[in-house]
Amino acid sequence: MSADQPVTVEVGLGDRAYDILIGSGLLSRAGEEISRRLPGTRAAVVTDENVAAAHLDTLKAGLEKGGIQPTVITMPPGEKTKSFAHLEEVVDGILAARLERGDVVIALGGGVIGDLTGFAAGIVRRGMNFVQVPTSLLAQVDSSVGGKTGINSPRGKNLVGVFLQPKLVLADTEVLDTLPIREFRAGYAELAKYGLIDRPELFAWLEANWQKVFAGGPERAQAIAEACRAKADVVARDEFETGDRALLNLGHTFGHALEAATQYDGARLVHGEGVAIGMALAHRFSSRLNLASPDDAARVETHLRAVGLPCRMADIPGELPDAEALLGFITQDKKVSRGALTFILTRGIGQAFIAKDVPASEVLSFLRENHPASRKAG
């Protein structure tokens with residue numbers, strides 16, 4: 001795949017449809033691609049210190065080549081940046097640059113920067129143009145697509161935010177070469193998720209080809225494009241998560257609870273690792289409820305372990321709150337409706353479904369069984 005021939009995946013949302021471009025060299029073409037869609041625009045680029053060191057100069061040169069002189073707003077890296085304090089910093093930076101409503105706010109970074117920047121773009125001047133330039137695998141296959149933005153609260157993850165669809169997503173596969181292996185693995189969890197939801201053939205392909213995806217080359221771009229198509233299909237059907245889109249939360253109810261339980265400490269657990277443990281737990285929970293075969297849960301765990309991802313709560317360093325406290329984080333999760341617990345469960349590989357009114361007593365019992373403390377006691 002050359003820089004001249006990126007793969008294009010369209011997110012079909014009528015007059016708000018937009019393209020995801022996937023390929024190498026897209027940072028250098030960012031100005032050209034943005035100016036074609038938003039002529040005469042000015043821009044703010046929001047990034048973090050780590051990404052700025054690796055990729056900001058390339059993006060700035062690419063923007064300037066397309067006639068865009070950006071203002072740069074740099075944040076500290078890490079999940080804790082998704083906060084009210086840093087949101088205020090980004091908003092103030094955009095306003096200080098005197099950008100107008102028709103100008104563009106560009107997120108250069110992983111999921112944290114994308115979520116934070118999108119939220120700022122959604123509320124400054126009651127909504128500005130937004131472009132995603134995701135630099136992590138997780139962001140390229142998941143968080144940059146679909147218009148969800150937000151920040152965390154001490155009471156839970158992503159509880160404050162808005163829906164704001166980007167005007168364009170530029171997924172430059174070259175930037176993944178600089179990603180630490182732990183971050184690449186974390187993104188891979190979201191990639192595998194699409195196979196586990198409703199694409200069993202994708203999961204089987206990943207089982208056979210994951211080493212090539214990690215190595216780069218055509219398999220990596222192919223996997224990213226397939227994931228983006230999967231998410232684009234769901235978003236086009238259910239933009240505001242009133243139905244099918246909730247399937248994309250496979251693994252996230254457990255995962256978000258574990259992230260909150262570790263106080264979003266990236267040294268202990270990053271988002272994709274929480275999702276990996278969450279997906280393994282969701283499959284084991286489905287097996288416990290006699291919805292799916294334990295063989296499927298074992299197959300999921302075998303694959304996630306093969307790529308180096310954690311699969312159990314005991315894999316998280318340090319102490320965890322008890323099962324009752326974990327259940328408390330789950331009930332705070334935004335996928336709770338009128339007090340009933342909603343989980344994404346499965347009848348097998350690629351057969352995920354939305355389960356409403358899951359009894360809290362079943363969840364608590366399952367959490368107790370799987371809690372590291374119970375294993376030590378046993």
Side-chain angles (χ1 to χ4, degrees), residues 22 24 26-27 46-56 58-59 74-82 86 107-118 132-145 148 152 157-158 169-194 206 209-217 219-221 223-225 227-228 231 251-252 255-256 258-259 262-280 303-311 315-318:
I22 303 154
S24 62
L26 288 171
L27 260 61
V46 183
T47 188
D48 72 39
E49 293 152 5
N50 293 346
V51 173
H55 304 299
L56 181 59
T58 306
L59 178 65
T74 306
M75 295 282 106
E79 187 73 28
K80 292 183 178 180
T81 298
K82 282 175 60 168
H86 289 105
L108 173 68
V112 167
I113 289 296
D115 284 0
L116 174 71
T117 305
Q132 286 267 26
V133 185
T135 59
S136 70
L137 179 61
L138 188 149
Q140 290 192 2
V141 302
D142 185 65
S143 59
S144 69
V145 181
K148 278 188 179 181
N152 301 330
K157 189 175 168 73
N158 295 333
V169 179
L170 297 173
D172 189 331
T173 53
E174 273 182 42
V175 304
L176 301 181
D177 292 336
T178 65
L179 209 60
I181 186 63
R182 184 182 180 197
E183 293 296 327
F184 193 91
R185 285 190 187 117
Y188 184 89
E190 294 279 7
L191 186 55
K193 177 189 75 175
Y194 295 105
L206 289 171
N209 292 282
W210 69 266
Q211 289 165 308
K212 294 176 182 175
V213 174
F214 274 69
E219 286 83 6
R220 178 181 291 178
I224 293 168
C228 287
K231 183 154 190 183
H252 285 59
H256 283 172
L258 293 171
E259 285 184 89
T262 56
Q263 300 176 303
Y264 309 111
D265 181 353
R268 295 180 66 193
L269 187 73
V270 295
H271 175 66
E273 292 169 343
V275 170
I277 297 171
M279 291 192 301
H303 181 56
L304 296 176
R305 284 228 181 272
V307 305
L309 282 163
C311 297
D315 295 333
I316 301 170

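Just so it is clear, the values below take in all heavy atoms, side chains as well, and ignore hydrogens, waters and symmetry mates.
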Seminar exercise, completed: What one should report as the nearest heavy-atom pair of Ser144 and Ala139 is OG-O, 2.7 Å
For this session: Please list all pairs passing the side-chain hydrogen bond (donor to acceptor under 3.5 Å, both in side chains) test where one or both residues lie in residues 134-143, with sequence neighbours left out.
Result: Asp142-Lys193, Asp142-Tyr194, Asp142-Lys231
Exercise. Does His86 reach the side chain of Val46, with side-chain heavy atoms less than 4.5 Å apart?
Worked result: no
Exercise. Would you say the side chain of Thr173 lies within less than 4.5 Å of the side chain of Ile224, judging by non-hydrogen atoms?
Worked result: yes
For this session: Enter the distance from Asp315:CG to Arg305:CZ here, rounded to the nearest 0.5 Å.
Result: 4.5 Å
Problem set entry | Smallest separation among heavy atoms of Asp48 and Thr74, with atom names | C-CG2, 3.8 Å
Exercise. More than 12 heavy atoms of other residues, nucleotides or ligands under 6.0 Å from CD of Glu49: is that the case?
Worked result: yes
Exercise. Can you find a pair of side-chain heavy atoms, one from Val275 and one from His252, that are under 4.5 Å apart?
Worked result: yes
Problem set entry | Plane angle bin for Tyr188 and Phe214 - parallel if under 30°, tilted between 30 and 60°, otherwise perpendicular | tilted
For this session: Mind checking ring-ring contact (aromatic ring centres under 6.0 Å, His included) for Tyr264 and listing every partner two or more places apart, or none if nothing turns up?
Result: none
For this session: Check whether any side-chain N or O of Asn158 sits under 3.5 Å from a backbone N or O of Asn152 as a donor-acceptor pair, and report yes or no.
Result: no
Exercise. Any side-chain heavy atom of Asp177 within less than 4.5 Å of one from Arg220?
Worked result: yes
For this session: Taking Arg268 for its side chain and Ile316 for its backbone only, find out whether a donor-acceptor pair lies under 3.5 Å.
Result: no
Problem set entry | For Ala276, all residues meeting side-chain contact (heavy atoms from CB on, under 4.5 Å), sequence neighbours excluded | Ala189, Leu304, Leu309
For this session: Look only at the side chain of Thr117 and the backbone of Gly114, and say whether a donor-acceptor pair between them is shorter than 3.5 Å.
Result: no
Exercise. Below 4.5 Å, heavy atoms only, C-beta onward: do Thr178 and His55 meet side chain to side chain?
Worked result: yes
For this session: Ignoring hydrogens and angles, tell me if any N or O in the side chain of Glu183 forms a donor-acceptor pair with the backbone of Pro180 under 3.5 Å.
Result: no
Exercise. Got a second to check how far Leu176's CG is from Leu138's CG, nearest 0.5 Å?
Worked result: 11.0 Å
Exercise. Which pair of non-hydrogen atoms, one from Lys157 and one from His256, has the smallest distance, and what is that distance?
Worked result: CD-CD2, 3.3 Å
Seminar exercise, completed: dist Leu108:CG -> Thr47:OG1 (nearest 0.5 Å) comes out at 4.0 Å
Exercise. Closest heavy-atom contact between Asp115 and Lys82?
Worked result: OD2-NZ, 2.7 Å
Exercise. Can you name the nearest heavy-atom pair linking Ile277 to Leu258, along with the distance?
Worked result: CG2-CD1, 3.6 Å
For this session: Evaluate the side-chain proximity of Val175 to Thr58: yes if any heavy-atom separation is below 4.5 Å, no if none is.
Result: no
Seminar exercise, completed: Between Ala221 and Ile22, the two heavy atoms sitting closest are O-CG2, 4.3 Å
Exercise. Can you tell me if Ser24 uses its side chain to pair, donor with acceptor, with the backbone of Glu174 under 3.5 Å?
Worked result: no
